[in-house]
Protein chains: 2
Amino acid sequence: MPLIKTSKEEIIETALKVFRENGYYHTSMSDLAKACGLQKGSFYHYFDSKERIMDAVLSKVLHTLKEEAFPIADDKSLNDRERMQKLMLTIGKIMLQQNGGCIAANTSLETNGKEVMFRKTIKEIFLGWELALSKIFSNQFPEGTSKRMAEQAVMEFEGAVMLSQLHNNDQYLKDVFVRTLSKLR
Amino acid sequence: MPLIKTSKEEIIETALKVFRENGYYHTSMSDLAKACGLQKGSFYHYFDSKERIMDAVLSKVLHTLKEEAFPIADDKSLNDRERMQKLMLTIGKIMLQQNGGCIAANTSLETNGKEVMFRKTIKEIFLGWELALSKIFSNQFPEGTSKRMAEQAVMEFEGAVMLSQLHNNDQYLKDVFVRTLSKLR
DNA sequence: GTCTATATCAAGATAGAC
DNA sequence: GTCTATCTTGATATAGAC
């Protein structure tokens with residue numbers, strides 16, 4: 001019988017992948033436990049409900065975005081196009097996965113209208129994302145315009161993730177990257 | 001075109017609303033039965049599995065789009081802007097709901113990577129939608145351009161639905177309507 | 001066509017041994 | 001910290017009476 005200690009951090013990382021692959025409601029505590037190499041009972045030692053795991057997962061995602069992605073908008077060593085490209089790629093790396101979708105968008109849509117503790121975290125994720133994009137746009141466009149361009153970029157990105165998955169074709173996402181970049185000189 | 005709604009038709013209409021509100025996996029057969037004013041056992045008289053109900057729901061949505069929405073792109077009595085406006089509003093009426101999301105996008109994301117019978121119907125919905133939009137754009141833009149503009153409009157629409165729900169603010173969706181319309185003269 | 005009753009299984013969650 | 005065992009509830013689905 002293996003007695004391998006697991007850390008809460010590792011569980012959150014694994015749970016992120018499982019949730020992204022199967023969605024919130026379609027993922028069971030057994031699924032999460034199994035993916036972590038634990039029995040269901042052991043899993044409750046770390047998290048006492050599914051809601052709290054997702055809360056931890058999304059808080060981790062937000063934290064990572066704040067650490068690694070959003071500051072790119074202020075990186076003085078890059079020009080606007082370079083910032084935008086690096087920002088979009090980094091956000092993609094954090095939020096997306098080979099064949100899973102966007103953890104933030106999927107969870108938002110699934111839990112729309114439900115009373116779950118992590119909705120405020122999802123809002124923060126998208127507001128932070130919009131703010132970072134609009135900072136870059138605001139170097140070349142007026143305030144109101146740059147805000148709407150940022151919102152538009154986020155919407156296109158999420159729509160593209162959906163269509164790319166549905167048709168199993170990266171082109172939708174690639175087009176959005178090119179289109180968003182091409183708005184900057 | 002059926003003049004009299006059968007019971008099965010009514011169930012499909014009700015199921016559409018429930019699925020749109022609660023999602024595919026988070027909706028139970030009990031939920032559907034209750035919403036139809038039936039006992040669970042009675043419900044199985046009409047549909048013997050949840051998958052078949054969703055299949056019927058999405059087929060009905062596709063059929064309605066083909067009958068009522070997509071032909072607007074060919075309506076000779078309207079100019080391009082009028083066609084676009086009427087098309088977008090009609091698609092919104094069929095696919096969206098007060099506070100529920102887009103049945104096609106939500107179901108697509110939830111069942112991504114799963115083997116369910118209705119994925120091909122979802123693909124048809126989005127391909128039909130893109131085609132209708134690109135028909136209108138192609139009156140004023142070259143072929144390749146109009147195709148990408150149509151894809152972009154769909155992506156923005158779906159992203160806007162997500163953000164409008166998340167922040168409980170219609171403005172995202174309204175902006176997309178205005179922006180898409182403004183591309184036409 | 002609708003109901004009640006029930007079988008079967010999975011889910012969320014807890015208790016207690018080691 | 002991990003396990004097995006168990007509780008409770010809810011889910012899918014079927015059987016059979018009216």
Side-chain angles (χ1 to χ4, degrees), chain A residues 1-60 103 106-107 110-111 113-119, chain B residues 2 4-58 60 106-107 110-111 113-119:
Chain A
M1 291 301 197
L3 283 172
I4 300 160
K5 274 213 242 176
T6 314
S7 79
K8 210 159 172 170
E9 283 296 312
E10 286 178 80
I11 287 178
I12 292 173
E13 278 302 317
T14 305
L16 167 60
K17 283 177 195 145
V18 179
F19 277 134
R20 196 155 37 185
E21 191 101 1
N22 295 328
Y24 180 63
Y25 291 115
H26 198 52
T27 294
S28 72
M29 295 298 267
S30 295
D31 293 334
L32 294 169
K34 198 181 295 175
C36 295
L38 289 169
Q39 290 299 319
K40 203 165 43 156
S42 314
F43 195 83
Y44 277 88
H45 173 72
Y46 296 95
F47 291 98
D48 59 3
S49 79
K50 201 164 81 170
E51 201 177 330
R52 279 186 202 284
I53 307 171
M54 183 57 100
D55 190 49
V57 164
L58 291 172
S59 295
K60 175 78 190 303
I103 184 70
N106 288 357
T107 311
E110 263 197 279
T111 63
K114 317 286 184 300
E115 283 189 13
V116 283
M117 57 171 66
F118 45 76
R119 293 226 107 215
Chain B
I4 299 167
K5 259 196 195 170
T6 67
S7 282
K8 207 161 172 171
E9 285 292 311
E10 287 177 72
I11 287 177
I12 291 172
E13 278 302 316
T14 304
L16 167 60
K17 284 177 195 144
V18 179
F19 277 134
R20 197 155 35 184
E21 191 102 359
N22 296 328
Y24 180 63
Y25 291 116
H26 198 52
T27 294
S28 72
M29 295 297 267
S30 294
D31 294 333
L32 294 169
K34 198 180 296 176
C36 294
L38 288 170
Q39 290 298 320
K40 205 166 40 159
S42 313
F43 195 84
Y44 277 88
H45 172 75
Y46 296 95
F47 290 98
D48 59 4
S49 78
K50 200 162 82 169
E51 201 178 328
R52 279 186 202 286
I53 306 171
M54 182 56 101
D55 190 50
V57 164
L58 291 172
K60 175 78 191 303
N106 288 357
T107 310
E110 264 197 278
T111 62
K114 317 283 183 302
E115 282 190 14
V116 282
M117 56 172 65
F118 44 76
R119 293 226 107 216

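Chain letters run A, B, ... following the sequence lines, proteins first and then strands; every chain starts at 1. Source: prediction; values computed, not measured. Computed over heavy atoms, backbone and side chain alike; hydrogens, waters and symmetry mates excluded.
Between the OH atom of Tyr24(B) and the P atom of dA11(D) there is a distance of 14 Å, rounded to whole Å. Protein atom CD1 of Ile53(A) is 13 Å distant from nucleotide atom C1' of dA11(C), rounded to whole Å. Summarising the geometry, the separation between CG on Asn22(B) and P on dG10(D) is reported as 15 Å, rounded to the nearest angstrom. Separating the CZ atom of Phe43(A) from the C1' atom of dT14(C) is a distance of 16 Å, rounded to the nearest angstrom. Here dA11(C) presents its P atom at 18 Å from CD of Glu51(A), a figure rounded to the nearest Å. A straight line from CG of Asp48(B) to C1' of dA15(D) spans 15 Å, rounded to a whole angstrom. Per the geometry, CE belonging to Met29(B) stands 23 Å off P belonging to dT9(D), to the nearest Å. The distance from atom CG of Leu32(B) to atom C1' of dA11(D) is 12 Å, rounded to the nearest whole Å.
Checked against dC3(C), dA13(C), dT2(D), the side chain of Ser42(B) finds its nearest nucleotide in dC3(C). Here dA11(D) is the nucleotide among dT2(C), dG1(D), dA11(D) with the atom lying nearest to any side-chain atom of Ser30(B).
Residues Asp55(B) and Phe47(B) have side chains not in contact (no heavy-atom distance under 4.5 Å, counting atoms from C-beta outward).
Looking at every heavy atom in both residues, Lys114(A) comes nearest to Arg119(A) through O-CD, 4.0 Å.
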| request: Apply side chain to side chain contact (heavy atoms under 4.5 Å, CB included) to Arg52(A) and Met117(A), showing your working. | output: CA-CA 8 Å; Arg52(A) 279 186 202 284; Met117(A) 57 171 66; 3.9 Å; yes
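At least one side-chain nitrogen or oxygen of His45(A) sits closer than 4.0 Å to the OP1 or OP2 atom of dG1(D). Contact between the side-chain N/O atoms of Gln39(A) and the OP1/OP2 oxygens of dT2(D) is not found at any separation under 4.0 Å. The side chain of Tyr44(B) places an N or O atom within less than 4.0 Å of a non-bridging phosphate oxygen (OP1 or OP2) of dA13(D).
Lys40(B) comes within 4.0 angstrom of a base, heavy atoms only.
Once rounded to the nearest 0.5 Å, the distance linking OG1 of Thr107(B) with CZ of Phe19(B) reads 8.0 Å.
The backbone N or O of Glu110(A) sits nowhere less than 3.5 Å from a side-chain atom of Glu110(B) that would complete a donor-acceptor pair.
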